[in-house]
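Letters go in sequence order (proteins before strands), and every chain restarts at 1.
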2 protein chains.
Amino acid sequence: MAVTIRDVAREARVSVASVSRALNGSPAVTDETRQRIASIAQRLRYVPHSAARSLITKRTQTIGALLPDLYGEFFSELIRGIDLAARAKGLHLLVSSSHGDADEAAAALRAMQGRVDGMLILSPHVDAAFLRANLPESTPAVLLNSAFDSPQFDVLNIDNYGGAYAMTRHLLDAGHASVTFVGGPEDNFDAQQRERGYREAMAEFAPKAVAKVVAGDFSEESGYLAGRALAKNARPLPAVFAANDMMAVGCLRAFAESRLRVPQDVALAGFDDIPIARYVVPALTTVRVRIVDLGRRALECVAAAIEKPGRARGAAQTLACEVVVRASSGGEAKPSKPV
Amino acid sequence: MAVTIRDVAREARVSVASVSRALNGSPAVTDETRQRIASIAQRLRYVPHSAARSLITKRTQTIGALLPDLYGEFFSELIRGIDLAARAKGLHLLVSSSHGDADEAAAALRAMQGRVDGMLILSPHVDAAFLRANLPESTPAVLLNSAFDSPQFDVLNIDNYGGAYAMTRHLLDAGHASVTFVGGPEDNFDAQQRERGYREAMAEFAPKAVAKVVAGDFSEESGYLAGRALAKNARPLPAVFAANDMMAVGCLRAFAESRLRVPQDVALAGFDDIPIARYVVPALTTVRVRIVDLGRRALECVAAAIEKPGRARGAAQTLACEVVVRASSGGEAKPSKPV
DNA sequence: CGGCGGAATGTAAACGTTTTCATCCGGGTT
DNA sequence: AACCCGGATGAAAACGTTTACATTCCGCCG
């Protein structure tokens, strides 16, 4: 049915070995025969059978990506970065996303076994035991945004700490006497790091003020509730720094209901720079994370691990964030045109 | 190194054929031996080598998804739907996205050759010639949201026409004497269909009014410009229906600058129901498209084509949309809490 | 009691590559 | 002239499955 290496060999009057060599760029073949074989292969539309090749080379040229139940921009951007880098390296991308719990993730991980040369794993469910149980020893893997730190695996994290630290500092520098933090879920790694960044910046740059954290869970609703509670406090209000943009949007709604003007009565900042952040009124000051870079770096990292199997594992990299100042923090007045 | 079917066979004191049969559920094997083999396989952590299996069965259990340079919510939701359906069917998902032009898409399509049993293709660049040149005859493919209609391929479209028709009708029913349409890019299939839906609804439900279309290109900026132009018109202003939400957001900004109140002075609606639509003020009336369902249906469609190779191709399905009424059209006043 | 049929299992070919090893050939060295 | 060396090519094994076909075994019927 399909054209195989044999057909090309027959047509070119050489052995299959020569065809293989010619097409794979082995030096042990005359330029002239290489040309001839190449042109015949092209004419016949020969495409090497990837399964047969994988069988013998033990390489699939494929990277697996294991992702949790992820929504919106973050997911797209991450995949974009991974995909771009994979294409540049001639690798394919096998995706398995939308994993709600550890069991689903485990099943997905096992299902990928043997189909991929390496893995990119972003999941709140991973820990040492999970990986030992579900990931073959020999498969290189890069953990994304994971609290889990092991000499076995490379880890690539967002600098949540640094971003929150920088934002807190920015708010204090802008003249606010104090900053209140709206926290994320307690068991969330990102949330923990962001809170730590906030606390340390407060300790350093506002030693007289006291750090104050109100609870939240990253949802818009929890931000709304937090905002409503904060609006009752004594004036002047401290600046509010929400652990993510969705909660900041919730705060914004609560403040609007309480007839509080942002940023005149209360300054507000978020974290993530989701697209909505540019379009709420006033536009939200936030911390931007270059998700595309996260994906790209992750893929390059696992590709490197595949190429050099003996290489030391366990490198931990951190991806910098940047403060994006918009109208909501009062740092800059640009209410009309989105950035 | 890795454990193969031979190891299992040796351990179980049977032939490899029996192991294969037992693990693949062939009826020609005693329940007792099946049990024994299964437990040994599990103990040895045997996983069939997928490449070897593909080599002989000519199946990869993998679906390829070819996507253009897609951003945000649409991409995530689409992949989510595809992934969910794929998992349910035990299929893997090979993704190649971010294709800017036809050449890139062609290269990606060819690279997937032999690695997938079927393809999901969403790309403005596909047409008959493109597919003939880059897709093997035998590979089933489903085209998503494509103007190209051929008896060769299944096509799955969003009901842009019906959604725009329904929205226009909704605005007219709500008491607006006329509706002005802000169009999308001229060569865009979605935009064309939406405009057609608008025109036909106008002709049918507002025969005395005249359909009016101002140009746009789906960008927020083009919506802003359109909104500014419209704000100059004679009062009372007709309702404004933008061909997508981003342009509607742009209109909103222009109206705010012109001190026009929405919906009191001008009613506004968009299309897509992007997340931002809920958070702008006032919240945007729009047309919702169930992208997850699009992905799910597409995968089920290609899976069906793979299972029954002889089946008739060329079925065209259409995915219904629904009008989502929020504050911006004045149909319902719910300015505070997002839906 | 012999043969037959069907169920369970085994044997080996086939899938399409890559790669090791062998072969061949021409030319330079001794 | 004999030898060797190195470069180009070919033959065949190997990768780990599935499956067509062969074999074995056992009970049952004539």
Review point. With sugar-phosphate meaning primed atoms plus P, OP1 and OP2, does A/Ser20 contact a base, only sugar-phosphate, or nothing at under 4.0 Å between heavy atoms?
Key: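 It contacts base atoms.
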
Gap between atoms [atom1] and [atom2], on [X] and [N] respectively (whole Å):
X	N	atom1	atom2	value
B/Arg53	D/dT17	CZ	C1'	8 Å
A/Arg10	C/dG16	CZ	C1'	13 Å
B/Asp31	C/dA7	CG	C1'	14 Å
B/Asn24	D/dT17	CG	P	11 Å
B/Arg59	D/dT19	CZ	C1'	16 Å
A/Tyr46	C/dG16	OH	P	10 Å
A/Asp7	C/dG16	CG	P	9 Å
B/Ile5	C/dG10	CD1	C1'	13 Å

Review point. Do other residues, nucleotides or ligands put more than 12 heavy atoms under 6.0 Å from B/Arg43 CZ?
Key: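 Atom CZ in B/Arg43 is crowded, with more than 12 foreign heavy atoms closer than 6.0 Å.
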
Review point. Side chain of B/Thr57, backbone of B/Arg53: donor and acceptor closer than 3.5 Å?
Key: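 Indeed, once roles are kept as given, a pair shorter than 3.5 Å links the two residues.
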
Review point. Does the side chain of A/Lys58 get closer than 4.0 angstrom to OP1 or OP2 of C/dT18 through an N or O atom?
Key: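 Checking C/dT18 against A/Lys58, no side-chain N or O comes under 4.0 Å of OP1 or OP2.
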
Check your understanding: Can A/Arg36 and A/Ile40 be said to form a side chain to side chain contact (heavy atoms under 4.5 Å, CB included), step by step?
Key -> CA-CA 6 Å; A/Arg36 190 164 42 104; A/Ile40 289 178; 4.3 Å; yes

Check your understanding: Between A/Arg87 and B/Glu104, is there a side-chain N and carboxylate O pair less than 4.0 Å apart?
Key ->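 A salt bridge is present here (some side-chain N lies under 4.0 Å from a carboxylate O).
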
Review point. Under a 4.0 Å N-O cut-off, is there an ion pair linking A/Glu77 with A/Arg290?
Key: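 Answer for the salt bridge query: no.
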
Check your understanding: How does protein reach along nucleotides 9-14 of chain D, written 5' to 3' as B (base within reach of a heavy atom under 4.0 Å), S (only sugar-phosphate), or - (no contact)?
Key -> BBB--B

Exercise for review: Would you mind listing every side chain to side chain donor-acceptor pair (under 3.5 Å) that reaches into residues 67-76 of chain A, with sequence neighbours excluded?
Suggested key: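 Pairs touching residues 67-76 of chain A that pass the test: A/Asp69-B/Arg80, A/Ser76-B/Ser76.
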
